[in-house]
Amino acid sequence: MRAGEPSGSTPFHVRQELIKPALVLCGVSGCGKSTLGSMLSERLCCTFLEGDDFHPPANIAKMSAGVPLTDEDRWPWLESLASCARRHLSSEERVVVACSALTPEYRQYIAGALGEAAAPLLFVLLDPGAATLEAQVARRAQRGSHFMPPSLLATQLATLQYAESEWYLHIGGDPYPQLEAIAEAIVARLEADGLILESGVHETLGSE
């Protein structure tokens, strides 16, 4: 499979009125998950949850100082984010979540916390190369638009662990020039798999 190309999957056969997909966009800081999540929430007419908004002040202060978070720092954050997502899903809403979720344990926790409220739960990995990420994080630091300094990128890349089978989509290459196209392609993929009603949008993911 080429980077940026959807992996094969079997269409879900579920009655449309019962389908409440929850999309969790994963990846290290600067991968584009927040921008893509906002685009997808607009197209899917659903709530977007930005994972950074659920960090307690102590976590923000720690990362701002260039200190990596520990598991003890992350578990309460994940609990708060997953709890909010479950409330939306329990109210018959779809939801799009941006959350680094760098390890299988974190993703398993999210899956367990959402349980059957998500029908189904779909993980998408944005996986640019290190050089692309470094340039994006540096630009962001110059703008002062994010609390995490570039020095923490290496620790996040070192923490990222996954098996290819975990992902509904694994998007490689540089996403920034084609985020609009990626959003449209994800919507088209959801339609093709019977997870949302037809909207007439049919695009394909670019490949590197």
Side-chain angles (χ1 to χ4, degrees), residues 2-7 9 12 16 19-55 81-82 84-85 87-89 91-102 107 110 114 118-129 132-133 135-140 143 145-148 153 156 160 162 166-208:
R2 292 177 297 173
E5 190 173 77
S7 59
S9 69
F12 293 86
Q16 283 287 356
I19 295 172
K20 296 176 295 176
L23 278 171
V24 182
L25 308 179
C26 306
V28 301
S29 185
C31 70
K33 58 186 179 290
S34 297
T35 304
L36 181 60
S38 180
M39 291 176 177
L40 284 168
S41 69
E42 291 179 3
R43 286 162 173 77
L44 297 173
C45 300
C46 69
T47 297
F48 171 54
L49 300 179
E50 167 55 72
D52 285 344
D53 293 342
F54 291 81
H55 276 297
L81 176 58
C84 184
R87 286 197 300 272
H88 283 284
L89 291 164
S91 299
E92 305 300 317
E93 299 179 41
R94 295 182 184 129
V95 68
V96 175
V97 179
C99 175
S100 53
L102 297 177
R107 295 186 291 276
I110 293 171
L114 297 188
L121 174 61
L122 308 171
F123 288 101
V124 175
L125 175 65
L126 278 78
D127 192 21
T132 298
L133 288 163
Q136 172 64 12
V137 170
R139 286 192 296 268
R140 196 175 61 182
R143 296 193 302 265
S145 59
H146 198 273
F147 54 80
M148 198 194 87
L153 178 59
Q156 288 208 335
L160 178 62
Y162 61 86
E166 292 185 71
W167 308 115
Y168 181 63
L169 286 171
H170 180 177
I171 301 169
D174 183 352
Y176 304 110
Q178 55 178 345
L179 282 172
E180 291 278 358
I182 290 171
E184 300 290 4
I186 291 175
V187 171
R189 172 67 180 268
L190 291 169
E191 290 174 353
D193 286 348
L195 299 179
I196 60 173
L197 296 173
E198 293 288 335
S199 69
V201 178
H202 296 285
E203 297 282 349
T204 57
L205 284 175
S207 61
E208 289 293 313

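Residues L114 and A22 come closest through the heavy atom pair CD1-CB, 4.5 Å. The nearest pair of heavy atoms linking V137 to S29 is CG2-O, 3.7 Å. For Y162 against H170, the heavy-atom pair with the smallest separation is OH-CE1, 3.3 Å. Taking both residues in full, the closest heavy atoms of A183 and M39 are given as CB-CB, 4.0 Å, listed atom of the first, atom of the second, then distance. Closest approach of C99 and V24 over heavy atoms only: CB-CG1, 4.4 Å. Of all heavy-atom pairs spanning C84 and L49, the tightest one is SG-CD2, 3.9 Å.
Taking Q156 as the reference, nothing meets the side-chain hydrogen bond (donor to acceptor under 3.5 Å, both in side chains) condition, with sequence neighbours excluded.
Using a 4.5 Å heavy-atom threshold, the side chains of Q136 and P128 count as separate. Between W167 and C26, some side-chain heavy-atom pair lies under the 4.5 Å cut-off. Using a 4.5 Å cut-off on side-chain heavy atoms (C-beta onward), V97 and I110 make no contact. When side chains are defined from C-beta on, D127 does not count as touching C31, because their heavy atoms never get closer than 4.5 Å. Using a 4.5 Å heavy-atom cutoff, the side chains of P175 and L36 are not in contact.
Here the NE2-OG1 distance, from H88 to T47, works out to 4.5 Å after rounding to the nearest 0.5 Å. The distance from atom CZ of R189 to atom CG of L195, rounded to the nearest 0.5 Å, is 9.0 Å. Separating the CD atom in E93 from the CG atom in L44 is a distance of 13.0 Å, to the nearest 0.5 Å.
Only one option out of I186, L179, L25 pairs with I171 in a side-chain contact (heavy atoms from CB on, under 4.5 Å); it is I186.
For residues 30-41, every residue pair satisfying the side chain to side chain donor-acceptor pair (under 3.5 Å) rule, not counting sequence neighbours, is listed here: S34-E50.
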Worked verdict on L122 versus L190 for side-chain contact (heavy atoms from CB on, under 4.5 Å): CA-CA 10 Å; L122 308 171; L190 291 169; 3.6 Å; yes
Would you check, one step at a time, whether the test side-chain contact (heavy atoms from CB on, under 4.5 Å) holds for L169 with I182? CA-CA 11 Å; L169 286 171; I182 290 171; over 6 Å; no
Just do the side-chain contact (heavy atoms from CB on, under 4.5 Å) check on R43 and E184 with the steps written out, would you? CA-CA 8 Å; R43 286 162 173 77; E184 300 290 4; 3.1 Å; yes
